[in-house]
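To start, the structure under review is shown below, and the notes come after it.
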Number of protein chains: 2
Amino acid sequence: MDEIDELLSIRAAELYYEENKTQDEIGQALRLTRWKVGRLLAQAKQRGFIRIEILHPRARRLPIERRLRDERGLADAIVVSTAGVTSPEELQARTAQAAADYLTALRPVPRTLGVSWGRTLFEISQHLRQGWATGVNVVQINGGVSLNRRPGTAAATAVGIAQKGGGSATLLPSPAILERLETKEAIESDRVVAGVIELARSADAYLFSAGAADHSSVHVESGYLSAPDVDLLVQKGAVGDVVGRYIDSDGNIVDPALDARTVGLTLDELRKAHLAIAVISGPGKLAVADAVVRSSLCSVLVTDEATALHLLGG
Amino acid sequence: MDEIDELLSIRAAELYYEENKTQDEIGQALRLTRWKVGRLLAQAKQRGFIRIEILHPRARRLPIERRLRDERGLADAIVVSTAGVTSPEELQARTAQAAADYLTALRPVPRTLGVSWGRTLFEISQHLRQGWATGVNVVQINGGVSLNRRPGTAAATAVGIAQKGGGSATLLPSPAILERLETKEAIESDRVVAGVIELARSADAYLFSAGAADHSSVHVESGYLSAPDVDLLVQKGAVGDVVGRYIDSDGNIVDPALDARTVGLTLDELRKAHLAIAVISGPGKLAVADAVVRSSLCSVLVTDEATALHLLGG
DNA sequence: GGCGATCGTGCTCATATGAGCAGACGAGCG
DNA sequence: CGCTCGTCTGCTCATATGAGCACGATCGCC
């Protein structure tokens, strides 16, 4: 297209989209036939001169979702729009809302839902509506109730999701990571704990997030790991954690010894699940998000536009 | 509209604009009639959820132009889009291009065009195409050839516009501002100078910019005024200058004594013109732009979107 | 509880738009 | 010089969309 046509297509686009004239009227104004106008508009679109944005906190990006499904082999993907986002909190809220919406619309409704805990999960629980489901029982899939500095967040998450969904919550009464392997094995052989883990294994669906491998991690905040511990993990290639288990960029366990002291479902159990919903968003989690998707830890991903584009761009 | 309809309208908009489904298909997907879908889309537009932007350096904002004409009484207005602008230089270039386009499309073609000089005018001269008109003679409307540090800019502007328009340029061989009133009167009574000014008065159209009242002014740069002079003018209420004459926010001359020493067309002569095209853009010129429009110094304004919205918002 | 006002709904019909096609035009080549 | 090929143009026709209308539900008011 030469410059004259390019300019005409811009003039046509202005009249069409900003002044909502018909293509015929534009044709008269610019001394073109209406078919020429239609073609100019089509070219303007195709060449990317026209950008249509949907400005709404609940807006999604369906074309990106499709690409994620097709190119990254996900069963489903939910991508929230970042248009008009001003703060990290807003991004987090939008993603949590989208996850809550996805859960609410999920069919068939899971009878048992396995959940992890953390900031993201807690926010999802808050965005769920009272009565989002009827009779959904919730079970924790990794430990972490007791040592939390902000007590009750882990429990509140599971209980909140269950209560709003008209079911009950089953907590996993165990720390996330234990100091000694023996203690971990002893705890796992406890009848109650073993029962909870068994229940978690039988869940119809899992909902979890992933943490970045840095000092802002809930594991550091909760006291399960120290800042130097995390530095060491990063040195070994860790990009983040999923249900308390640190993985590298290929989704492999970074520190098997540490992993053996971590209570809850294993990553392979997650991988075998029919429905594993990961909710991961924010610029700090690009690497983990990629690792999770690359290693098929989730079948469904809820994320933001920027993260999604990163997953597709690499 | 309740929340459920709001969400539906967003879903519909996603399917319509991002997935280009027909309203009928969307109706089937969301279990709505196609008429309902059409109404949801109309509401989404009307409530501002849908934003359509035209991303092109030559794109204009016609609705804003219309409002400027209607609400600020301009004969015509050209508003360039700021979408995708990354630097002040780009904004300047877009505005200059728009002014050049406007001149080129101007009918009837002016036989004599009065021009001021400065950074903006120079850039317009560069954006004009060879042969933008045939036989347009250009005359300077205010003094300022000699003292310029970057010599020749003022002359190059007028000469460039004339040469590309197949005409000749008439320069005003005088400083912009003289130190003594007597000198100014002597210069104006010179046969050549008086002849040029007489020619300028008879021009069919005027093209000029406006300067902000600060130290970045070309008058400071050219040595006609010192920084403290400008500070004093600001103290007296100056918001900027037009053809070398400093005005307050109502368009009145700030310092009559200084004005009497300024060579060129007077502001009232500009106001009486049939066609006075002001080209003013950039965040530093909001106040002058407002003063120029408020006091009818121009009949046509070429500006950027942000400045235009400022003119409408106050 | 009856009644009108108001709103939302799904229709009919007119209009706007896009797909596909036949002819015109011009560039490149034998 | 004439041919062919590809591109662009303006058409026909099918489809998508929007305006306007009649109906029924809902609500407030008496």
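By convention in this document, chain letters (A, B, ...) are assigned in the order of the sequence lines, proteins followed by strands, and residues within each chain are numbered from 1.
- Here A:Ser81 pairs with nothing under the side chain to side chain donor-acceptor pair (under 3.5 Å) rule; sequence neighbours left out.
- Straight-line distance from the CZ atom of B:Arg31 to the P atom of C:dG10: 14 Å, rounded to whole Å.
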_Protein proximity profile, nucleotides 17-22 of chain D - base contact B, sugar-phosphate-only contact S, no contact -, cut-off 4.0 Å on heavy atoms_ = BBBB--

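- Side chain of B:Gln43 to backbone of B:Leu40: no donor-acceptor contact under 3.5 angstrom is found.
- The main-chain N or O of A:Trp132 is never found under 3.5 Å from a side-chain atom of A:Lys164 such that the two would form a donor-acceptor pair.
- The shortest non-hydrogen separation linking A:Ala278 to A:Val292 is CB-CG1, 4.3 Å.
- You'll find the side chain of B:Arg58 stays beyond 4.5 Å of the side chain of B:Arg94, heavy atoms only.
- Closest heavy-atom contact between B:Ala13 and B:Ile50: CB-CD1, 3.5 Å.
- The nearest whole Å value for the distance from the CG atom in A:Asn20 to the C1' atom in C:dT15 is 15 Å.
- The side chain to side chain donor-acceptor pair (under 3.5 Å) check on A:Asn137 picks up A:Ser168, with sequence neighbours excluded.
- Among residues two or more places apart in sequence or in another chain, the side chain to side chain donor-acceptor pair (under 3.5 Å) test is passed with A:Glu71 by A:Arg67.
- No donor-acceptor distance shorter than 3.5 angstrom exists from the side chain of B:Ser281 to the backbone of B:Thr95, with no hydrogens or angles considered.
- Atom P of nucleotide C:dA16 and atom CG of A:Leu15 are separated by 15 Å, given to the nearest angstrom.
- Between A:Asp5 atom CG and D:dC8 atom P the separation is 9 Å, expressed in whole Å.
- Straight-line distance from the CG atom of A:Leu8 to the C1' atom of D:dC8: 15 Å, rounded to whole Å.
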Please write out the pairs of protein N or O atoms and N or O atoms of nucleotides 24-26 of chain C separated by less than 3.5 Å, giving the distance to one decimal.
none

_Using the rule given for side chain to side chain contact (heavy atoms under 4.5 Å, CB included), can you reason through B:Trp35 versus B:Gln23, listing the C-alpha separation, both sets of side-chain angles and the distance that settles it, and then say yes or no?_
CA-CA 8 Å; B:Trp35 295 284; B:Gln23 298 186 5; over 6 Å; no

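- Contact annotation: the side chain of A:Arg51 never approaches that of B:Arg51 to less than 4.5 Å [non-hydrogen atoms, C-beta and beyond].
- End-to-end axis angle of the helix from C:dG1-D:dC30 to C:dG30-D:dC1, from C1' rotation axes over five pairs per end: 20° (rounded to 10 degrees).
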